[in-house]
Amino acid sequence: MSTLKQTLSKKIDEWRPRTTKLLKEHGTEKISDVTIAQAIGGMRGVKCLVTDISYLDPIEGIRFRGYTIPEVLEKLPRPPGVEAPYVEGFIYLLLTGDIPSDSEVKEVADEFNKRKTVPQYVFDVLNAMPDDSHPMVMFSAAILSMQKESEFAAAYKSGISKMVYWDSTYEDSLNLLAKLPEIGAYIYRKKYKNGDIIPSDPNLDWGGNFAHMMGIDKPYDDLSRLYFILHSDHESGNVSAHTGHLVGSALSDVYYATSAMINGLAGPLHGLANEMVLRWIQDVIENMGGKVPSTEEMKKFVWDTLNSGQVIPGYGHAVLRKTDPRYTAQRDFCLKYLPDDPIFKYVSLLYDVVPDILREHGKAKNPWPNVDAQSGVIQWFYGVREYDFYTVLFGIGRSIGVLSNLIWDRALGYAIERPKSLTTAMLEDIVAGAK
Ligand code: CMX
């Protein structure tokens, strides 16, 4: 058994009594009340999910297993001479809560290498899809097509105990994660590079191999590691993470759950916002005839968008109330590698004008940029200009968090999700009764 699996098994044994004790001795204690506004308004702020993989503070931003983004980037082992750590080490951290050693990271990389061959039928499925299928549809379909490989589904049919559900879910998760970089790169090269596929290189790490299969030179490998880590997890209430958890709660295996979460990520209010940001900026560039707008001109574009009833993509957040540290980490990357890029200048100009405009507009609770405001510009700079592909990159990263959560959901025996609905008339009766 690998060190990762052994450590995880030990942690699960240690953790289970905590959950059991909370349930048995404190199960009736309240952690949240629900208002009518929350019931109608997307359950914003209702505390009713539990995860230990990451926690999102509205002001500070995300912590992965207790570590901020700068701490993660600093503490995890990394390839020599680069900034972003190995994704393999980050997966180890999310699953166990421990910072792995170099040799533990190497072991995870070897595990992925053993599991990474994508079955030919997945490529056949992708090749059979219409040329104009959205890359997110292709990505979701490719993942779902592998459901028949699920070790959990087979083990469940054979009648395994609830106590070992996590084991086959872990095997499924590693099997799936190992294949995602190649599937993502295949979709890109098939769709946008005339099907000129670059084979995987067994000597490269997860992020490095992805950059290699995309056909993009350094430092795109470093960017890929950074990008996948930043997009991995944002606690479990956002649409993609929650969808993964919800579908998995019915004991649907990880292939069903991951494909479903990808479908949620494809919404323009969630992961597709990175595509929307670039689409919107391209519109501005076209309108400006290619020149960088003045501050006043940019303000006008922002107001025009708002006045036409659209949202400013890449701004606002359901939980955050400050600039997203994932935005800041990517901005730092831009300042280092592409400070003079014209699109980065647009993005910076937006940062100067949008928050004040959104405040004046008076609707958005958070006027600050989120992760999606900055991510597309970097991809654009390195030649990935097909912006409908951007959410696939988000999806590869988000799978890391969703799958880590699913393994722990199974380990701690989290129940099938089933909140209770009321009718509008019932809400009216409650209001009348309160009066
Ligand atoms: N531009 C214009 N209006 C905005 C806005 C923005 N960027 N962000 C929020 N608002 C509006 C909402 O549409 C809402 O309007 P209505 O009252 O007319 O419905 C009002 O402000 C209140 O919304 P909120 O409570 O501040 O935000 P929500 O929690 O409802 O929604 C989010 C959060 C992210 C969907 C929203 O801010 C938004 O649509 N942003 C733009 C899309 C985006 O960048 N999404 C990516 C988020 C990060 C991710 O998940 O990837």
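Only this structure's heavy atoms are used, side chains among them; waters, hydrogens and symmetry mates stay out. This one's a predicted model, so the numbers in the text were calculated from it and none came from an experiment. Counting convention: from 1, in listed order, for ligands and their atoms alike.
- Remark: ligand 1 atoms within the under-4.0 Å shell around heavy atoms of Ala318 are 29 (O), 33 (C).
- In terms of protein heavy-atom proximity, atom 30 (O) of ligand 1 is closest to Arg44 NH2, 3.1 Å.
- Contacts with ligand 1 closer than 4.0 Å are made by side-chain heavy atoms of Leu306 only, the backbone lying farther away.
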Starting from the C-alpha separation in whole Å, work towards a yes-or-no answer on side-chain hydrogen bond (donor to acceptor under 3.5 Å, both in side chains) for His134 and Asp388.
-> CA-CA 7 Å; His134 194 282; Asp388 54 357; 4.8 Å; no
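- Atom 12 (C) of ligand 1 is not flagged as protein-proximal [any protein heavy atom, distance under 4.0 Å].
- For atom 15 (O) of ligand 1, the closest heavy atom belonging to the protein is Lys363 CD, 3.9 Å.
- With ligand atoms numbered from 1 in the order given, ligand 1 contributes 43 (C), 44 (O), 45 (N), 46 (C) to contacts under 4.0 Å with heavy atoms of Ala273.
- Atoms of ligand 1 found under 4.0 Å from any heavy atom of Ala364 (numbered from 1 in listed order, with element): 4 (C), 5 (C), 8 (N), 9 (C), 10 (N), 21 (O), 26 (O).
- Ser32 contributes no side-chain N or O that, together with a main-chain N or O of Val46, makes up a donor-acceptor pair within less than 3.5 Å.
- The closest protein non-hydrogen atom to atom 50 (O) of ligand 1 is His270 ND1, 2.6 Å.
- If you check which protein heavy atom lies closest to atom 38 (C) of ligand 1, you get Tyr315 O, 4.0 Å.
- Under the 4.0 angstrom criterion, atom 17 (O) of ligand 1 counts as lacking any protein heavy-atom contact.
- Ionic pairing of Asp356 and Lys299 is not present here: no N-O contact between side-chain nitrogen and carboxylate oxygen is shorter than 4.0 angstrom.
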His317/Lys365 under side-chain contact (heavy atoms from CB on, under 4.5 Å): CA gap, chis, key distance, verdict = CA-CA 8 Å; His317 200 271; Lys365 293 189 188 67; over 6 Å; no
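- Atom 6 (C) of ligand 1 has its nearest heavy-atom neighbour, among Asn366, Ile312, Val319, in Ile312.
- A salt bridge is defined here as a Lys NZ or Arg NE, NH1 or NH2 lying under 4.0 Å from an Asp or Glu carboxylate O, and Glu60 with Lys322 fails to meet this definition.
- Among protein heavy atoms, the minimum distance from atom 3 (N) of ligand 1 is reached at Val311 CG1, 3.9 Å.
- A donor-acceptor pair shorter than 3.5 Å cannot be found between the side chains of Gln379 and Tyr227.
- Here the heavy atom of the protein found nearest to atom 26 (O) of ligand 1 is Lys365 N, 2.7 Å.
- The closest approach between a heavy atom of Leu358 and any atom of ligand 1 is below 4.0 Å.
- A salt bridge links Arg115 with Glu171; the closest basic N to acidic carboxylate O contact falls under 4.0 Å.
- Nearest-heavy-atom check against atom 27 (O) of ligand 1 across His361, His317, Arg321 picks out His317.
- A salt bridge between Glu296 and Lys300 is absent, with no side-chain N of the basic residue lying under 4.0 Å from a carboxylate O of the acidic one.
- Neither the backbone nor the side chain of His234 comes within contact range of ligand 1; no heavy atom lies under 4.0 Å.
- The pair Arg63-Glu71 meets the salt-bridge criterion, since a charged nitrogen lies less than 4.0 angstrom from a carboxylate oxygen.
- If you check which protein heavy atom lies closest to atom 45 (N) of ligand 1, you get Leu269 O, 2.8 Å.
- A salt bridge is absent between Arg279 and Asp283: the closest approach of a Lys/Arg side-chain nitrogen to an acidic carboxylate oxygen does not fall below 4.0 angstrom.
- Close approach of ligand 1 to Gly314 (heavy-atom distance below 4.0 Å) involves ligand atoms 43 (C), 44 (O).
- Within the 4.0 Å heavy-atom criterion, the part of Asn370 lying near ligand 1 is the side chain and not the backbone.
- Between Phe123 and Glu182, some side-chain heavy-atom pair lies under the 4.5 Å cut-off.
- Atom 51 (O) of ligand 1 has Asp372 OD2, 2.5 Å as its closest protein atom, hydrogens excluded (heavy atom only).
- Proximity of Asn238 to ligand 1 is not established, as no heavy-atom distance is less than 4.0 Å.
- Protein heavy atoms are absent from the space less than 4.0 angstrom from atom 32 (C) of ligand 1.
- At a cut-off of 3.5 Å, with distance as the only test, a side-chain donor of Asp409 or His245 sits close to an acceptor on the other residue.
- With Tyr315 contributing its side chain and Tyr351 its backbone, the two residues share a donor-acceptor pair below 3.5 Å.
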